[in-house]
Amino acid sequence: PLRLPRSASGDAPAPVLICHRAAAPQSCTGPRAEVAAEGAVGRDSPRGPPLEFASWLFDELRSRPDEAQLGRVPRSHLGEVAMVPCSLEKVLGFGFLLCLDILLRELSFGPLQVVWSLSRALLCGRRRRPNSHWLTVTEQGDVLRLSLLLVNVGLVSVVFDDSQMYHYIRRESFLKLYVVFNMLEMFERWCRSVGVDLFDLLAASARRPWAKLIPRVAAALVYCFVHTTMHLVRVCLLFVAINTSSSAVFLIIVTNNFGEIKSTVFKKYSDESLFPIITSDIVERFYLVFDVLVVLARLSVSARGAAYSWIDILHWLSLIAIIEVGTDWVKFCLIFKFSDMKASTLDVYKEVLIADLLLCRSGDVPDTSLLFTASAKKASASPISGHGAPQQKTHGAGAGRGENGKPGTGVADASRLVVRLRGVHSFSHALARRIGFCGIPFSTLVVVQALSLLRSPCGATARLRNALAPMALVSVGLLLVLLSKVLLSVTLLGYAARRRGRIQKGLDLFARIKAL
């Protein structure tokens, strides 16, 4: 048998290649030398103790333990993956509040701004200066948006029929509904992307001649009608899924979530490419909560509401919500696992939203990067109004330095901290552009559903139909919307102002990420 010499420590046999001097006197390389060495091993090589089967088997069982290697084991990425759900819910929750703020602004501050601006223009029109405009650019934009909202509500109320859509969905086959549902979701995302750019174009055309402005307003109206119709079809799908005994529509919702996991997780993502998925899930989470509220409201005033148990209805709605949240958790855990990303990336996305919330209200600050430095906390003036802000720039040792002392952070480069169309759009539009949320189509959906509830044949509405109580209800509802908007805006702005000195990482990504 082949005898192999023991290693220097004597623990295990170490295989060596012994070359016969006569066979290969110069080198041990090459095919001839290998053949010569192979023939010389059995004749003149020094013979070591044989490798016994028992020793080999003992080494195979023990695997040669070495505790010194424990310190060299790389850190598992599963620890970062376990932190993803908590960080994900933070950024999704903050984005949900921003979407709610945008919606409340369209329904409260927008009409108030239009009433105030038109009243001021009519009362003070004679005293305006020559070559000046009746309305400011933001006021004109609010007038256009409110006009689109009112006209769109009228078109949807006349053209779209909820009952026909409801019965159409109920009698269609599972496969056809599955295709329609997936197409609806795809085109709804496309409409969101187009809608944000379309309203940017409309705002930039505020001072254009009427010949150029009217076609763009017409295009925006067509877009609002199409997008609102998609919202209404989605609500009808959920209403059919809850209101019928058939589980076809419910299976469509469930299978669509698993299809979303399949289409997203097996890809490599970066910090820039992952942000559109985050913003899309923020908007979809907001859609889901509102859809659930609409379904509950419609069932509460439905003539067949007594035929269904509220326990069963809440069970199905809770199941849909759990599936939606669980799908998001699984999807992003797998994305962060396969892309080898850190969970802190989600916190950076939240910092970007905070920067948008502050920068759109910063005013004419010479250097907007000063709003996010530690010295801004000691400034006497408010960092939001832009009055009394420091005029000088900081040139400290850390200015313009990022991690590891490298230049190029967002704090030093003030040109990167610019919100597009600031001073042209309202404050909420900067966040709408970042998230990819279109307020007018969704506001139309809210108004249409509210009018439908007021026209419902429930007992309370029937008793109040011939009195002034419906008008009182509308007035109280508008007042609650206005107060909710004020409270939410103050809360979000205070939260952002307290964290403005701790969002340096978000400023690095500020100019490089956007929604769909």
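Just so you know, these numbers come straight off a predicted model, no measurement behind them.
Looking only at side-chain heavy atoms (C-beta outward), Arg434 and Thr279 stay at 4.5 Å or farther from each other. Counting heavy atoms from C-beta outward, Asp200 and His429 have side chains that approach closer than 4.5 Å. For the pair His227 and Ile440, the minimum side-chain heavy-atom distance is 4.5 Å or more. Put simply, the side chain of Val196 reaches to within 4.5 Å of the side chain of Cys438, judged on heavy atoms. Two residues are said to be in side-chain contact when any heavy atoms from C-beta on lie closer than 4.5 Å; Val153 and Leu451 meet this criterion. Counting heavy atoms from C-beta on, the side chains of Val143 and Gln140 never come closer than 4.5 Å. Contact of the Arg189 side chain with the Glu284 side chain is registered, since non-hydrogen atoms from C-beta on lie closer than 4.5 Å. Side-chain contact check for Ser157 versus Val448: some heavy-atom pair is nearer than 4.5 Å.
Residues meeting the side-chain hydrogen bond (donor to acceptor under 3.5 Å, both in side chains) test with Asp347, sequence neighbours left out: none.
Salt bridge annotation for Lys342-Asp271: absent, with no cationic side-chain nitrogen under 4.0 angstrom from a carboxylate oxygen. Between Arg285 and Glu324 there is no salt bridge, since no side-chain nitrogen of the basic residue lies less than 4.0 Å from a carboxylate oxygen of the acidic one. Salt-bridge check for Asp197 with Arg433: failed, with every basic side-chain N at 4.0 Å or more from each acidic carboxylate O. Remark: Arg234 does not engage Glu188 in a salt bridge, criterion side-chain N to carboxylate O under 4.0 Å.
Here the shortest heavy-atom pairing between Leu353 and Leu431 reads O-CD2, 3.8 Å. Minimum interatomic distance between Val283 and Gly436 (heavy atoms only, all atoms of both residues): CG2-O, 4.2 Å. Between Cys236 and Asp162 the shortest heavy-atom distance is SG-O, 4.4 Å. Counting all heavy atoms, side chain and backbone alike, Thr138 lies closest to Gln113 at OG1-NE2, 4.4 Å. The two residues Leu488 and Leu97 come nearest to each other via the heavy atoms CD2-O, 3.6 Å. Taking every heavy atom of both residues into account, Ile435 and Cys99 meet most closely at CG2-SG, 4.1 Å.
A ring-centre distance under 6.0 Å is found for Phe290 and Phe442.
Note that the OG atom of Ser428 and the CZ atom of Arg105 stand 5.0 Å from one another [nearest 0.5 Å]. Atom OG1 in Thr444 sits 9.5 Å away from atom CG in Leu155 (nearest 0.5 Å). The line from CG of Leu346 to CZ of Phe275 is 11.0 Å long, rounded to the nearest 0.5 Å. A distance of 7.5 Å separates CG in Leu198 from SG in Cys224, rounded to the nearest 0.5 Å. Here Ile261 contributes atom CD1 and Asn256 contributes atom CG; the two are 10.5 Å apart, rounded to the nearest 0.5 Å. Expressed to the nearest 0.5 Å, how far CG of Leu237 lies from CD1 of Ile169 amounts to 4.0 Å.
Side chain of Ser280 to backbone of Ile277: no donor-acceptor contact under 3.5 angstrom is found. Side chain of Arg512 to backbone of Asp508: a donor-acceptor contact under 3.5 angstrom is found. Under the 3.5 Å distance criterion, the side-chain polar atoms of Tyr287 are left unmatched by any main-chain donor or acceptor of Val235. Judged purely by atom type and a 3.5 angstrom limit, Ser273 uses its side chain to pair as donor or acceptor with the backbone of Ser270.
Around the CE atom of Met186, the shell of radius 6.0 Å holds more than 12 heavy atoms that belong to other residues, nucleotides or ligands.
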Run Lys505 and Glu351 through salt bridge (charged side-chain N to carboxylate O under 4.0 Å, His left out) and show every step you take. CA-CA 8 Å; Lys505 293 183 180 180; Glu351 294 175 1; over 6 Å; no
What do the steps show when you test Glu139 against Trp116 for side-chain hydrogen bond (donor to acceptor under 3.5 Å, both in side chains), and what is the final call? CA-CA 9 Å; Glu139 291 173 348; Trp116 163 254; 4.6 Å; no
Go through the steps to decide whether Phe109 and Val114 satisfy the test side-chain contact (heavy atoms from CB on, under 4.5 Å), and finish with yes or no. CA-CA 9 Å; Phe109 282 9; Val114 171; over 6 Å; no
side-chain contact (heavy atoms from CB on, under 4.5 Å) between Phe225 and Val151: does it pass, once the steps are laid out? CA-CA 9 Å; Phe225 177 77; Val151 175; over 6 Å; no
Residues Phe510, Leu359; criterion side-chain contact (heavy atoms from CB on, under 4.5 Å); working and verdict: CA-CA 11 Å; Phe510 184 84; Leu359 284 173; 3.4 Å; yes
Hey, mind stepping through Leu487 and Leu483 against side-chain contact (heavy atoms from CB on, under 4.5 Å) and telling me if it holds? CA-CA 6 Å; Leu487 179 61; Leu483 295 178; over 6 Å; no
As a quick check of understanding, evaluate side-chain hydrogen bond (donor to acceptor under 3.5 Å, both in side chains) for Asn152 and Thr228, giving each step before the final call. CA-CA 8 Å; Asn152 193 33; Thr228 305; 3.0 Å; yes
Begin with the C-alpha distance, continue with both residues' side-chain angles, and end with the deciding distance and a verdict on side-chain hydrogen bond (donor to acceptor under 3.5 Å, both in side chains) for His231 and Asp291. CA-CA 9 Å; His231 287 317; Asp291 293 347; over 6 Å; no
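Listed by first and then second residue, the ring pair (Phe, Tyr, Trp, His ring centres under 6.0 Å) pairs involving residues 487-509 are Phe94-Tyr495 (not counting sequence neighbours). Sorted by first and then second residue, the side chain to side chain donor-acceptor pair (under 3.5 Å) pairs with a member in residues 90-102 read Asp101-Lys485, Asp101-Ser489; sequence neighbours excluded.
Seen from the ring of Phe199, Arg145 counts as a face-on cation partner, given the 6.0 Å and 45° thresholds.
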